[in-house]
Amino acid sequence: MNNPYKKWMVVLSVLFHCTGFGEASCIGLDSLMQRAKSSCVVAHLTGECIDPDENDEFDEFLNLRNISRTLSEDIGVFVGYIGISEKWADETPINNGELDVGDVVLFKKMKKETDFLDPSPQPTHLDPIVYKRKEGHKSLIDFVNIECEIYITENGSLSEQGVHREEILRERFHVKNISNVKFKDAFHSYCFTEGEFCEVNRNNIYQDEEKLPECEKLESLPSKDEFFHKFVKKSKPVIFKSILRDWPAFTKWSNAYLRETFGQKHIQFQMSPNGDYEGVEPLSLWENAIRDELVNTDNLPFPDLVLVRPAPVNGTFSIFLDIIEGLSKGTLTNFSAYFQYSSIPEYLPELEKDLREDLLFPGLLINRQELNIWLSDGHTRGKLHFDDYENFLCQISGKKEVIMFDPNNNHQLYEGHLQEATLNLNWTTKSFHRRHVNNVTNAVMSPVNMVKPDFSRFPLFGETYPLNCTLEEGDVLYMPSFWWHEVQSFPNVTARRNLAVNFWYEPFFSKDHPCPECPLDVNPKYRHLL
């Protein structure tokens, strides 16, 4: 089949180590270490560093060298030779006793350091991945493609997988392509009075929600192939309407059933004074708190803010149910309770049989990471954040208003580290205290308060394009990885609670984070789908 992108030639740029004004020969390991910070390095082990090409009889490697010399675009892979007797700066030999002259070794690109508060020490040597020529094994070019996460053919053109990847990256879904409503427009509609921002109803940010575009909704599940091509590879959310109503969990999981089955189970749940979970507030409010020393606070983008974790509470499942039922009846007031992102396999394994994961396109999304339960009194707000997973959010009881933002302009969401702090609850007085500023940071939460945004400090947030993906009972929301979202829960009018589960899988797209400028790319673990 003709490849329309064949003219887009890609390259493996040659890495040379020069001495004086002489011609390059072998790669020096100091130079290799520097290059590996930005590139994948492929090298042939040799015992002779003078004109090694002249003595090389490995045709596949010479072809790789020739590709690198004749093509014009750099995709971040370097090709050259290493003397087998070379040593790293810490005197570790390149040859660990298992290498031979003629082997090809590969060094993956070093991961970008994103934790500047507690950075990993710089390595003193790198461990090679070894390619040995054996009959029946994958070709060298296939080996390099997989390990360096590139897509080329033996003649240097873009492979069919590479063409598909380029198409996917080009055609990702953007909310701005279907809507001209920016967040500042929706917010200003009803919340800008006489030159000042007004306090909005926290249970309904958008008084004019019809202005917001909505998630696509389907009345039945598509085929696996259709779901992949229309939604997964486009990074496009979609709601499947009412498909949970046939799941056993939908009718079986009453509070009475949960109490009878798990009442004596010890769990940890969270409590908040205002229904906000993982919101951001000024550090100055925590002046009397215990403060762990946090290194490199000057590097925090917003050192005057903290991410507020809710108060953790340990107790039995029955105690938790007593609390949310008391809140629903009004016998308890002025706080909320949430059993959130809690592992069903770990805490409530008997529930898994009541879910129909087999209907959610089995075999397409790989490596299920978590299966969580979300149970509350129904008056909670999960603040603006992203998850680095593919997500199926399944609404069993109550309603969730999910306002989403695509991950194509992460600087507008002010992605970065936020220092964490944790509330404490005095159960006797039912009072919360700002108790502990932690020595850890969070990298997936936005510092923007979406309910009452400070556009003077976060002006770019006003330029975002929101998408309304409200879930009714029985609905499932497919939420692609890295989409920002804020979730307002509402209780079922009779059960007076909110109950959902979600499945997290290996992300189809991946990116470094926090790194607002880093682009999404297709996760190499899914290259079999390209």
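Positions are given from 1, in the same order as the sequence printed here. Below, all heavy atoms of this structure are taken into account, side chains as well, without hydrogens, waters or symmetry copies.
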How long is the span from the CD atom in Gln268 to the OH atom in Tyr347, to the nearest 0.5 Å? 6.5 Å

Which value, rounded to the nearest 0.5 Å, describes the distance between Asn177 atom CG and Glu171 atom CD? 11.5 Å

Quick check: does any side chain N or O of Asp406 sit under 3.5 Å from a backbone N or O of Val175, one acting as donor and the other as acceptor? yes

For Gln340, is there any backbone N or O sitting under 3.5 Å from a side-chain donor or acceptor partner on Ser342? yes

Ser139 vs Glu60, test: side-chain contact (heavy atoms from CB on, under 4.5 Å). Steps then yes/no. CA-CA 8 Å; Ser139 68; Glu60 281 189 284; 3.2 Å; yes

Report yes or no: does Ser235 contribute a side-chain atom to a donor-acceptor pair with the main-chain N or O of Arg172 at less than 3.5 Å? no

Evaluate the criterion side-chain hydrogen bond (donor to acceptor under 3.5 Å, both in side chains) for residue pair Thr124 and Trp88; output intermediate values, then yes/no. CA-CA 7 Å; Thr124 56; Trp88 298 98; over 6 Å; no

For atom NZ of Lys224, is the number of surrounding heavy atoms from other residues, nucleotides or ligands below 6.0 Å larger than 12? yes

Within the distance-only criterion (no hydrogens, no angle test), does the side chain of Arg527 pair as donor or acceptor with the backbone N or O of Ile150 below 3.5 angstrom? yes

Using atom types as modelled and distance alone, determine if a side-chain donor or acceptor of Asn145 lies under 3.5 Å from a backbone N or O of Ile141. yes

Side-chain contact, heavy-atom cut-off 4.5 Å: Leu283 with Pro303? no

Does Arg457 qualify as a cation-pi partner of Tyr414, given the criterion of NZ or CZ under 6.0 Å from the six-membered ring centre and within 45 degrees of its axis? no

Between Tyr478 and Phe231, is the gap from one ring center to the other below 6.0 Å? no

Result for side-chain contact (heavy atoms from CB on, under 4.5 Å) between Ile82 and one of Val41, Leu32, Asp103, Thr46 points to Leu32

Got a donor-acceptor contact below 3.5 angstrom from the Asn95 side chain to the Ile84 backbone? no

Can you find a pair of side-chain heavy atoms, one from Val144 and one from Val104, that are under 4.5 Å apart? no

Backbone of Ser481 reached by a side-chain donor or acceptor of Glu390 within 3.5 Å: yes

Candidate pair Glu278 and Gln270, rule side-chain contact (heavy atoms from CB on, under 4.5 Å), full reasoning: CA-CA 11 Å; Glu278 284 81 34; Gln270 292 76 38; 5.9 Å; no

Do Trp484 and Glu415 have side-chain N/O donor and acceptor atoms under 3.5 Å apart? no

Between Val451 and Asp276, is there a side-chain heavy-atom distance shorter than 4.5 Å? no

Looking at Phe228 versus Phe508, is the centre-to-centre ring distance below 6.0 Å? yes

Counting the benzene-type ring for Trp, do Tyr81 and Phe61 have ring centres under 6.0 Å apart? yes

Under 4.0 Å between a side-chain nitrogen and a carboxylate oxygen: does that hold for Lys230 and Glu216? no

When Leu413 is tested against each of Val448, Thr464, Leu460 for side-chain contact (heavy atoms from CB on, under 4.5 Å), which residue passes? Thr464

Rounded to the nearest 0.5 Å, how far apart are CG of Asp388 and OG of Ser510? 10.0 Å

Pair Asp387, His485: side-chain N/O donor-acceptor within cut-off below 3.5 Å: yes

Just to verify, which of Trp504, Phe509, Phe482 counts as forming a ring-ring contact (aromatic ring centres under 6.0 Å, His included) with Tyr389? Trp504

Any chance NZ of Lys217 has more than 12 other-residue heavy atoms, nucleotides or ligands included, within less than 6.0 Å? yes

Test ring pair (Phe, Tyr, Trp, His ring centres under 6.0 Å) on Phe405 and Phe461; report intermediate values, then the result. CA-CA 10 Å; Phe405 304 84; Phe461 181 68; 5.5 Å; yes

Could you tell me whether the side chain of Leu365 reaches within less than 4.5 Å of the side chain of Glu506, counting heavy atoms only? no

Within-4.5 Å side-chain heavy-atom neighbours: Leu126 and Met110: yes

Do Gln419 side-chain atoms and Asn438 backbone N/O form a donor-acceptor pair below 3.5 Å? yes

Ion pair present between Asp521 and Arg165, side-chain N to carboxylate O less than 4.0 angstrom? yes

To the closest 0.5 Å, what do you measure between CG (Asn439) and CD (Glu420)? 10.0 Å

Would you say Asn442's side chain and Met445's backbone share a donor-acceptor pair under 3.5 angstrom? yes

Start with the C-alpha gap between Phe107 and Arg35, add the side-chain angles, then the distance that decides, and say whether side-chain contact (heavy atoms from CB on, under 4.5 Å) holds. CA-CA 10 Å; Phe107 301 89; Arg35 292 292 187 175; over 6 Å; no

Assert yes or no for the condition that the ring centre distance of Phe503 to Phe392 is strictly below 6.0 Å. no

Centre-to-centre under 6.0 Å for Trp374 and Tyr341, is that the case here? yes

Please confirm whether the backbone N or O of Arg381 pairs with a side-chain atom of Gln488, one donor and one acceptor, at under 3.5 Å? no

Could you tell me whether Lys109 and Glu149 make a salt bridge, using a distance below 4.0 angstrom between a side-chain N and a carboxylate O? no

Derivation of the side-chain contact (heavy atoms from CB on, under 4.5 Å) call for Val522 and His164: CA-CA 10 Å; Val522 176; His164 193 188; over 6 Å; no

Please check if atom CG in Asp90 has more than 12 non-hydrogen atoms from other residues, nucleotides or ligands closer than 6.0 Å. yes

With a sphere of 6.0 Å drawn around CD of Glu517, does it hold more than 12 non-hydrogen atoms of other residues, nucleotides or ligands? yes

